[in-house]
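Report on the structure given below.
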Amino acid sequence: MASHPQPAPEFTLSPDDARLMTLRAQGFVGTEGRRGGVPGMLRRIGAVQLDTISVLARSHELVAYARLGAVPRARIERAYWQPRQATAFEYWSHAACILPIEEWPYYGFRRRALLARGMRWHEVPENVCQEVLVRLRAEGPLNATQLGGARGGGEWWDWSATKIAAEWLLDTGQVICARRTGWRRVYDLPERVLPAGLLDAEPPDGECVTHLAAVAARALGVVTRADLADYQRLRWGGTGQLKDGDAITPGDAAAAAGLIPVEIAGSRHDPAVQAWADPSALAEHQSGTVRGRHRVTLLSPFDSLIWDRKRTLRMFGFEHSLEAYVPRAKRVHGYFTMPLLAKGRLLGRVDPARSGRTLVARKLSLDKASATEPMARALAEAAAWVGCDNVELGQVTPATLEPRLRKALSDLA
């Protein structure tokens, strides 16, 4: 595919325009983001990241809650991993993610690249791969424990040969995970899970990347080159993920996907940014007809709105990082810090925990006094959602806002 420079922008957006378009696309403004429940949300944002950490709830549950409100956690789980007919599967996107089932063919470029490389993290025991496939064909869907165990007997990261084989088969598309039980992946054969039209589809690498660029643009409303690369962790130019000879640049992908070149205006301190807009998001924004309240909620640190730290800083002026793997003494904001989204801005953060039926805000910071009422509301709603009937405040910064925050919580009780 011939590579061309990015054409001149057709429109100029202010930073506030770009931020609002992203909030709409991510489902945080108005009622559109709640249509279709969890499956509709997943299709709109394209990917929901998985993580083992569970504080108030696991991250994939928090992502749905942030957009849809107090949907029961069990219903969220059933919506992701429907027992009868799969509507989603797990694979490597931004990280390990839940993806809409119809996206299966478009991750073929990554499956092919991994197969050509021959391994991801571990040497793959080919004889064990065959044993796993034989077991799955004969016995039906199985998790790693049922296949023989996930641990290799060493440290916690020491996978057994069976686990290595099962994950390699997942990497290369020879097995699929469309369901979990007790947080364990259930491995199955694609031909038992996927409709024939998806199972047989093998779009070339360029088509895969073009499609995923369109998914990223739809999910974010407006995207820079870095956004296109980060959303599904695409590596441009054939390095590691695209086969040699099938290289495609961000501009190629954006043009092929029908994205509209735009410029996000700069400020006194920041230069203008070249970007692309999703056509529907841009038309919706320019129409001025979209109305609706901004969602007030706490965000998982793995939420797709904020999982790119540089974009979060550029768009919201908010520095955010996950400190779960930082030694306790070196943490600034806490173990699982959840930013507060209110009025289309990130206005504070809290490190929550649960103690019985109490939600404990171990560390909490607010950017301004007007954030106290939204924070109180977000804490109270999150507490009720996870079955807590009380909120306990720990360290509040600045301390002068603690009385106001306590009063706001009391008023909601």
Side-chain angles (χ1 to χ4, degrees), residues 38-39 42-43 46-50 60 77-122 124-148 150 159 161-181 183-209 211-212 215 232-233 241-243 246:
V38 176
L42 179 59
R43 285 191 295 272
V48 170
Q49 186 172 343
L50 291 159
H60 62 282
E77 293 288 335
R78 288 195 300 271
Y80 285 133
W81 294 299
Q82 294 190 15
R84 293 184 179 178
Q85 183 174 359
T87 59
F89 72 105
E90 292 184 30
Y91 198 63
W92 302 102
S93 175
H94 179 83
C97 288
I98 306 172
L99 304 164
I101 198 73
E102 60 266 24
E103 298 298 303
W104 169 268
Y106 299 103
Y107 286 87
F109 82 102
R110 187 160 288 160
R111 295 190 288 268
R112 292 188 289 268
L114 285 167
L115 188 60
R117 194 170 75 185
M119 65 174 292
R120 180 160 55 101
W121 294 328
H122 304 82
V124 181
E126 183 59 33
N127 62 315
V128 184
C129 288
Q130 294 307 312
E131 291 171 8
V132 168
L133 289 172
V134 168
R135 291 275 312 274
L136 293 177
R137 291 189 188 106
E139 301 175 40
L142 298 169
N143 62 39
T145 300
Q146 293 166 330
L147 283 166
W159 283 356
T162 298
K163 177 66 172 177
I164 292 171
E167 288 296 308
W168 175 246
L169 294 169
L170 184 74
D171 287 345
T172 55
Q174 297 173 76
V175 305
I176 188 172
C177 174
R179 182 162 58 92
R180 281 188 179 237
T181 56
W183 194 241
R184 295 185 180 93
R185 279 179 173 160
V186 176
Y187 303 98
D188 203 350
L189 301 176
E191 55 266 32
R192 285 204 293 247
V193 174
L194 296 169
L198 296 180
L199 181 65
D200 300 334
E202 285 289 340
D205 287 7
E207 184 179 339
C208 291
V209 175
H211 176 85
L212 294 179
V215 170
Q232 282 103 353
R233 296 285 166 84
Q241 298 200 16
L242 299 179
K243 294 187 301 181
D246 284 340

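- Taking the ring-ring contact (aromatic ring centres under 6.0 Å, His included) definition, one finds that Y80 meets it with H60, sequence neighbours left out.
- Partners of Q85 under the side chain to side chain contact (heavy atoms under 4.5 Å, CB included) rule, at least two apart in sequence or in another chain, do not exist in this structure.
- In plain terms, the two heavy atoms of P141 and V186 that are nearest each other are CB-CG1, 3.5 Å.
- Remark: Y107 engages S93 in a side chain to side chain donor-acceptor pair (under 3.5 Å) (not counting sequence neighbours).
- A distance of 5.5 Å separates CG of L147 from CG of L136, quoted to the nearest 0.5 Å.
- For residues 184-195, the set of pairs meeting the salt bridge (charged side-chain N to carboxylate O under 4.0 Å, His left out) definition, not counting sequence neighbours, comprises E90-R185, E167-R185, D188-R192.
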side-chain contact (heavy atoms from CB on, under 4.5 Å) assessment of L142 paired with V132 = CA-CA 9 Å; L142 298 169; V132 168; over 6 Å; no

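- Residues C208 and G108 approach most closely at SG-N, 4.4 Å, considering heavy atoms.
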query = Does the side-chain contact (heavy atoms from CB on, under 4.5 Å) test come out yes or no for L170 and F89, once each step is laid out?
reply = CA-CA 11 Å; L170 184 74; F89 72 105; over 6 Å; no

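- Applying the side chain to side chain contact (heavy atoms under 4.5 Å, CB included) test to T172 and every residue at least two apart in sequence or in another chain returns L115, W168, Q174.
- When the side chain to side chain contact (heavy atoms under 4.5 Å, CB included) test is applied to I164, the partners found at least two apart in sequence or on another chain are H122, P125, W159.
- Rounding to the nearest 0.5 Å gives a distance of 9.0 Å between CG of L199 and CD1 of I176.
- Looking only at distances, no side-chain donor or acceptor of Y187 sits under 3.5 Å from a matching main-chain atom of C177.
- Side-chain N or O atoms of R135 include one that pairs as donor or acceptor with a backbone N or O of Q146 at under 3.5 Å.
- Every residue meeting the side chain to side chain contact (heavy atoms under 4.5 Å, CB included) condition with A178, not counting sequence neighbours, appears here in chain and number order: A86, V193.
- Looking at residues two or more places apart in sequence or on another chain, you find a salt bridge (charged side-chain N to carboxylate O under 4.0 Å, His left out) between E202 and R112.
- With sequence neighbours left out, the salt bridge (charged side-chain N to carboxylate O under 4.0 Å, His left out) criterion links R179 to no other residue.
- In this view, E126 satisfies the salt bridge (charged side-chain N to carboxylate O under 4.0 Å, His left out) rule with no residue, not counting sequence neighbours.
- For A161 against V128, the heavy-atom pair with the smallest separation is O-CG1, 3.7 Å.
- Among pairs with a residue in residues 96-106, those fulfilling side-chain hydrogen bond (donor to acceptor under 3.5 Å, both in side chains) read E103-H211, at least two apart in sequence or across chains.
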